[in-house]
Asks: 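For reference, the structure I am asking about is given below.
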Amino acid sequence: MTSLSAYAARVAQLALLASALGWSSAHAATVVDEWKKIKVPSAPKLGEVTVDPSTTALLLLDFNGAQNPDKGPCNTKVKPRCIAELPHVAKLMKEARDSGAPVVYSITSNAAPEDIATVLAPKDGDPIVKSGANKFINTDLEKILTDRHIKTVIVTGTASEGAVLNTAAYAALKGMDVVLPVDGMSSTDPYAEQYVTWHFANAPGVSAKTKLTKIDAISFGKAPG
């Protein structure tokens, strides 16, 4: 009986503690219950990045649909933020080409190479893969990069929470360094871009391999050391 009394007293103490913390003994609060109370964390710092063009590739992911919205996600109907970023990504692409760094494309399943936004049109010989959200899955992207001795990928594209998140995270987990310009990974909503940025700044396994930056802060030239 003594042990039962002690157990009952302990249960009562835990119930009081749960009450003090604002929890129901029948149902603890979830992140969904607390959604509106959660404070947005401070924005991560963006840095300048210099890459070695001999071991760096620029990935242009799913920039198809600008000419015909039925042919891809980068269009004025669903992703005007992607259209707005095209001139900046085009500048980065030119700098990559001028430095000799390879440019690698992906397109969505309903697209063809000619559906890529005209300002980012591939040149003869540029690799193009077709896949779902992770561009390494069921494609030869990994072989393309390995054959070119690529150690660093600059990842741009749409959607940030789709192609960019999954492809960049996979690259980092495979040991590659990832350069992620936050003004080159569009979505339908800025929140998606925000949480993807947070993920690469904080997530175990990817944050240590990722440099967050802006397009104008990326330089192509022999990296120091």
Side-chain angles (χ1 to χ4, degrees), residues 40-41 43-47 49 51 57-97 103-122 126 128-137 141 152-172 178-203 206-207 210-218:
V40 176
K45 292 183 178 180
L46 306 179
V49 180
V51 297
L58 172 62
L59 305 187
L60 303 177
L61 306 181
D62 297 352
F63 284 109
N64 49 288
Q67 292 83 252
N68 179 354
D70 294 329
K71 295 295 184 178
C74 187
N75 62 67
T76 55
K77 289 172 62 176
V78 297
K79 285 199 178 78
R81 293 176 68 83
C82 185
I83 297 297
E85 288 180 357
L86 287 177
H88 306 288
V89 178
K91 171 182 174 293
L92 182 64
M93 181 186 71
K94 182 180 185 305
E95 291 171 354
R97 292 194 189 283
V103 178
V104 182
Y105 293 80
S106 78
I107 53 177
T108 54
S109 59
N110 63 330
E114 57 266 27
D115 297 316
I116 295 169
T118 303
V119 71
L120 299 179
D126 285 340
I128 303 173
V129 300
K130 182 182 289 192
S131 182
N134 186 337
K135 303 306 173 180
F136 286 95
I137 302 299
L141 177 57
T152 300
V153 287
I154 304 170
V155 183
T156 65
T158 195
S160 58
E161 73 276 25
V164 173
L165 172 63
N166 288 280
T167 305
Y170 187 96
V178 173
V179 177
L180 192 62
V182 297
D183 52 346
M185 50 166 215
S186 56
S187 185
T188 54
D189 188 289
Y191 177 72
E193 299 170 34
Q194 183 184 57
Y195 91 72
V196 171
T197 301
W198 184 93
H199 180 87
F200 282 96
N202 295 277
V206 300
S207 59
T210 303
K211 294 180 179 178
L212 292 170
T213 187
K214 295 178 68 175
I215 287 174
D216 286 343
I218 299 173

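This is a predicted model, so every value here is computed, not measured.
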Asks: Just by distance, no angles: are the side chains of T108 and N110 close enough, under 3.5 Å, to form a donor-acceptor pair?
Replies: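 Yes, N110 and T108 have a side-chain donor paired with an acceptor closer than 3.5 Å.
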Asks: Side chains of D126 and R97, heavy atoms from C-beta outward: is any pair under 4.5 Å?
Replies: yes
Asks: Once rounded to the nearest 0.5 Å, what's the spacing between atom CG of L86 and atom SG of C74?
Replies: 4.5 Å
Asks: Hey, does P181 have a side-chain heavy atom less than 4.5 Å from the side chain of I154?
Replies: yes
Asks: Distance from D183 atom CG to K214 atom NZ, nearest 0.5 Å?
Replies: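 If I round to the nearest 0.5 Å, the distance is 6.0 Å.
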Asks: Can you name the side-chain contact (heavy atoms from CB on, under 4.5 Å) partners of A43, sequence neighbours left out?
Replies: none
Asks: Which heavy-atom pair separates A168 from V178 by the least distance, and what is that distance?
Replies: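 Answer, listing the atom of A168 first, then V178: O-CG2, 3.6 Å.
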Asks: Hydrogens and angles aside, do S160 and E193 bring a side-chain donor and acceptor to less than 3.5 Å of each other?
Replies: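 Short answer, no.
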Asks: Without hydrogens or angle criteria, can the side chains of S207 and N202 be said to hold a donor-acceptor pair below 3.5 Å?
Replies: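 Short answer, no.
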Asks: Please report the interatomic distance CD1(I83) to OG1(T76), rounded to the nearest 0.5 Å.
Replies: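 One finds 6.0 Å between CD1 of I83 and OG1 of T76.
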Asks: I want to check something: taking the side chain as every heavy atom from C-beta on, are V179 and V51 in contact at a cut-off of under 4.5 Å?
Replies: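 Side chain of V179 against side chain of V51, heavy atoms only: contact under 4.5 Å found.
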Asks: List the steps, then state whether side chain to side chain contact (heavy atoms under 4.5 Å, CB included) holds for I215 with E95.
Replies: CA-CA 10 Å; I215 287 174; E95 291 171 354; 5.5 Å; no
Asks: Could you pull out the closest heavy-atom pair between P80 and V78, with the gap in Å?
Replies: CD-C, 3.5 Å
Asks: What distance do D62 atom CG and K79 atom NZ have between them, rounded to the nearest 0.5 Å?
Replies: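 So the CG of D62 and the NZ of K79 are separated by 8.5 Å.
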Asks: What are the two closest heavy atoms between E161 and A192, and how far apart are they?
Replies: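 Looks like OE1-CB, 3.5 Å.
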Asks: Could you pull out the closest heavy-atom pair between A84 and H88, with the gap in Å?
Replies: O-CD2, 3.7 Å
Asks: Excluding sequence neighbours, so at least two apart, what forms side-chain contact (heavy atoms from CB on, under 4.5 Å) with A133?
Replies: N166
Asks: Could you tell me which non-hydrogen atom of T156 sits nearest to which non-hydrogen atom of F63, and how far apart they are?
Replies: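 Reported closest heavy-atom pair: OG1-CE1, 3.6 Å.
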Asks: Quick one: are L180 and V164 in side-chain contact, heavy atoms under 4.5 Å?
Replies: yes
Asks: Whether the side chain of S187 engages the backbone of A159 through a donor-acceptor N/O pair (distance < 3.5 Å, no angle test) should be reported.
Replies: no
Asks: Which heavy atom of P113 sits nearest to which heavy atom of I128, and what is that distance?
Replies: CB-CD1, 3.7 Å
Asks: Decide if atom NZ of K91 counts as having more than 12 heavy atoms of other residues, nucleotides or ligands within a radius under 6.0 Å.
Replies: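 More than 12 heavy atoms, drawn from other residues, nucleotides or ligands, come within 6.0 Å of this atom.
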Asks: Rounded at 0.5 Å granularity, tell me how far CG in L60 sits from CD1 in I116.
Replies: 8.0 Å
Asks: Could you check whether any side-chain heavy atom of E85 comes within less than 4.5 Å of a side-chain heavy atom of T158, counting everything from C-beta outward?
Replies: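 No. Closest side-chain heavy atoms not under 4.5 Å.
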Asks: As an exercise, state the distance from CG of L165 to CE of M185, rounded to the nearest 0.5 Å.
Replies: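 The CE atom of M185 is 9.0 Å from CG of L165, to the nearest 0.5 Å.
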Asks: Before giving the answer on side chain to side chain contact (heavy atoms under 4.5 Å, CB included), spell out for I107 and D115 the whole-Å C-alpha distance, their side-chain angles and the decisive distance to 0.1 Å.
Replies: CA-CA 8 Å; I107 53 177; D115 297 316; over 6 Å; no
Asks: Is the closest side-chain heavy-atom distance between V119 and M93 below 4.5 Å?
Replies: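 When only atoms from C-beta onward are counted, M93 and V119 do not touch, as no gap falls below 4.5 Å.
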